[in-house]
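Data block below; observations after.
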Amino acid sequence: MTSQVSSPAEQADEADDMNESVVGEQLLVTAVTTMTDVNAVTDANGTSGAPGTVGAVGAVGAVGTVGAKEVRRLDRVIIRFAGDSGDGMQLTGDRFTSETASFGNDLSTLPNFPAEIRAPAGTLPGVSSFQLHFADHDILTPGDAPNVLVAMNPAALKANIADVPRGAEIIVNTDEFTKRPMAKVGYLTSPLEDGSLDGYQVHPVPLTTLTIEALKEFGLSRKEAERSKNMFALGLLSWMYHRPTESTERFLRTKFAKKPNIAEANVAAFRAGWNFGETTEDFAVSYEVAPATTAFPTGTYRNISGNLALSYGLIAAGQQADLPVYLGSYPITPASDILHELSKHKNFGVRTFQAEDEIAAIGAALGAAFGGSLAVTTTSGPGVALKSETIGLAVSLELPLLVVAIQRGGPSTGLPTKTEQADLLQAMYGRNGEAPVPVVAPRTPADCFEAALEAARIALTYRTPVFLLSDGYLANGSEPWRIPEADELPDLGVQFATGPNHTLADGTDVFWPYKRDPHTLARPWAVPGTPGLEHRIGGIEKQDGTGNISYDPANHDFMVRTRQAKIDGIEVPDLVVDDPDGARTLVLGWGSTYGPITAAVRRLRTGGHPIAQAHLRHLNPFPRNLGEVLKRYDKVVVPEMNLGQLATLLRAKYLIDAHSYNQVNGMPFKAEQLATALKEAIDA
């Protein structure tokens, strides 16, 4: 057996850096539902400002002026911050996202960072980026291509320029475009001077020089001052888009509370960037995007990442079940944030254990399940491989256990910081023997909360391990999430066995650990130490009812079929199909493909092309009406970030010709790409 080592590279990369990324920042915002004048909007701190965007995307509305500068109103924008992994691009994107969320825009993000702990500075493998799409209406993806690229060095420009459409704006840190940094990435001449960027709106800004000059009074070394250039860039972008600023200044003072001089230096750099935008002639236009007043129901919202939403879902599940939550985990990208977050919530009865390896982690979790806890283990594909034997043991013991797998590119170590959907068949069949396990998949970052509750419902009701399949795109991406009221959450209460449940022929009352509920086929859950409920556990086959060791062929056949019937009988909602036009083609997805698929479907319908859409949350068992739905359509297209795993399952079970559309490049689908493929399917 081999072990695997993987670490949350982006956090390790910047953990001691002034610009480290902060995961799971708490920001509550109230949804704006009655605003009509964007210029009158204020954030919770009373800071006036209209939100803004850049680039030739969306509908241009009214044009106004602030002082001598023009203000343009657009309906959406896509911004990408890019630089070295030590330049703080994740923090910059995170702060801009928080500012945007507090204003009430809908948003979607795509952090993208290298797996290396510290790639060589100024090289293409070391480029880290953060893309944010925000709008005055409901959006579903981080966007196909940035309308604004902030490039902190030549490597960032070269790594991202292919994604930037002509006419878009590029803000370049000119201080880094010297001979040596350009040579590292293969630039023989400066792209700022050789005409290769003539098709773009280029803003050359000496970010490093301006930052150092702004921080002279703080007595910092040049290296220390340079680290704040990301805050200068954030200030500039905040001015361009009319973002609220007080929350960022408060954040910086809190983050560096133990280093007040560093805190004030970052605030000064942030303000200097804002003032630069206000005074320089190079930025003659700023931009506004109104709050998404119609995108959200009234409620209290916050910006949330998928891993944070999943963590909150696990905590809520424990509260609704009135059970302690126990997490046995081993750090692995991109699942580690769940361990980090849950470790903060001991006040909710959460206990976390960082084990020495993946096997110990799930072993501890299964022990906690036997002891009466809502047990969870978190991992990614390489860790699932190591946990597979214990998952099979959980199937045999018939105990509730949540196996949270945040998928990433494989095989083996693969692409630790990139996304993929290639572990579906591993979750379905990656165990010896007949060991069926339910599989649940969230579709958006915020939906990870609901998916965690649903996985817990199935595990607790049917006494089974359950796979919760998220992926790196959902885990690290973020979007607005309406915080539910407590009375909206499901009742997950469980009844432990308290006494004998079977009467022998001689009239003796005994406890049978495998005497099943006739409706769910779940066995009783007996907490160790309960008098009279002592029973044997272990991996060897059990005798029906008594739980005694059994090698009887007929009993084994019965137990295998019974465990399968229990999973097949799990009650899941019917599949809902969105088909307003009576289409002949259905696009069926699962997991994180929901956003790109839905965006592509919207484009096609706007262009007059009828197409139906459905999305699976439950992958084992499938919804009972799935076969009927599939047979209603002439064509079924299944986009997946793998080589066709769901399509394979559909073909095998329903004997339909499901058409796969696949991508395994470590990135989510683009809406335009999917729209083109789906139109070809419609027209074929």
Side-chain angles (χ1 to χ4, degrees), residues 1-13 110-117 119 125 306-307 310 329-339 357-359 361-362 377-392 402-432 435 437 439-443 448 465 467-477 589-593 596 616 619-620 638-649 660-669:
M1 182 176 292
T2 60
S3 64
Q4 53 84 30
V5 177
S6 181
S7 63
E10 189 262 338
Q11 290 182 10
D13 192 30
L110 178 61
N112 186 15
F113 41 85
E116 288 77 5
I117 297 301
N307 273 351
L310 200 154
S329 184
Y330 178 73
I332 181 171
T333 302
S336 299
D337 291 342
I338 302 170
L339 171 61
D357 56 42
E358 297 280 8
I359 299 171
I362 190 172
T377 189
T378 53
T379 190
S380 189
V384 173
L386 295 174
K387 294 178 188 290
S388 62
E389 184 178 5
T390 307
I391 297 172
L402 301 185
V403 182
V404 178
I406 314 298
Q407 300 165 99
R408 69 189 204 188
S412 188
T413 306
L415 305 174
T417 61
K418 310 301 179 184
T419 195
E420 205 163 271
Q421 286 184 300
D423 296 339
L424 174 58
L425 294 183
Q426 182 186 37
M428 290 283 291
Y429 302 119
R431 294 162 296 283
N432 64 296
V437 174
V439 180
V440 175
R443 63 186 188 179
C448 289
F467 261 103
L468 179 54
L469 277 186
S470 179
D471 61 42
Y473 171 39
L474 296 184
N476 296 315
W590 69 278
S592 66
T593 57
L616 289 167
L619 295 150
N620 192 32
V638 186
E640 297 181 80
M641 292 187 294
N642 56 47
L643 295 183
Q645 297 188 15
L646 174 60
T648 296
L649 295 174
S660 287
Y661 184 76
N662 309 117
Q663 172 177 297
V664 282
N665 62 4
M667 298 295 288
F669 283 111

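Just so it is clear, the structure is predicted and the values come from calculations on it, not from any experiment.
- Interatomic distance, CD1 of I338 versus CG of N307, reported as 4.0 Å (0.5 Å rounding).
- Expressed to the nearest 0.5 Å, how far CE of M667 lies from CG of N112 amounts to 4.5 Å.
- Judged as a side chain to side chain donor-acceptor pair (under 3.5 Å), and not counting sequence neighbours, the contacts of E640 are W590, N642.
- For P596, the side chain to side chain contact (heavy atoms under 4.5 Å, CB included) test picks out T141, F669, L674, with sequence neighbours left out.
- With sequence neighbours excluded, no residue forms a side chain to side chain donor-acceptor pair (under 3.5 Å) with D357.
- Among residues two or more places apart in sequence or in another chain, the side chain to side chain contact (heavy atoms under 4.5 Å, CB included) test is passed with D423 by Q407, Q426.
- Counting all heavy atoms, side chain and backbone alike, G666 lies closest to L415 at CA-CD1, 4.3 Å.
- Atom-to-atom distance recorded for N476:CG and F113:CZ is 4.5 Å, nearest 0.5 angstrom.
- In this structure, CG in L386 is found 7.5 Å from OG1 in T379, a value given to the nearest 0.5 Å.
- Here K387 pairs with E358 under the salt bridge (charged side-chain N to carboxylate O under 4.0 Å, His left out) rule; sequence neighbours left out.
- Among residues two or more places apart in sequence or in another chain, the side chain to side chain donor-acceptor pair (under 3.5 Å) test is passed with T593 by none.
- Rounding to the nearest 0.5 Å places OG1 of T417 at 7.5 Å from CD of E116.
- In this structure, P382 and S412 approach most closely via the heavy-atom pair CG-O, 3.5 Å.
- Of all heavy-atom pairs between P334 and A475, the closest is O-CB, 4.1 Å.
- Across P331 and L339, no two heavy atoms sit closer than the pair CG-CD2, 4.4 Å.
- Every residue meeting the side chain to side chain contact (heavy atoms under 4.5 Å, CB included) condition with L649, not counting sequence neighbours, appears here in chain and number order: L424, L425, M428, Y429, F622.
- With values rounded to the nearest 0.5 angstrom, Q421 atom CD is found 10.0 Å from S470 atom OG.
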Practice problem: Verify side chain to side chain contact (heavy atoms under 4.5 Å, CB included) between I391 and F467, making sure each step is shown before the conclusion. | Solution: CA-CA 10 Å; I391 297 172; F467 261 103; 3.7 Å; yes
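- For the pairing with V404, the side chain to side chain contact (heavy atoms under 4.5 Å, CB included) check across L468, L469, T377 returns one residue only, L468.
- In terms of the side chain to side chain contact (heavy atoms under 4.5 Å, CB included) criterion, residue partners of T419 (sequence neighbours excluded) are, by chain and number, D471, Y473, M641, P668.
- At least one side-chain heavy atom of L310 sits less than 4.5 Å from a side-chain heavy atom of I406.
- A donor-acceptor pair under 3.5 Å links the side-chain atoms of R408 to the main chain of T413, judged by distance alone.
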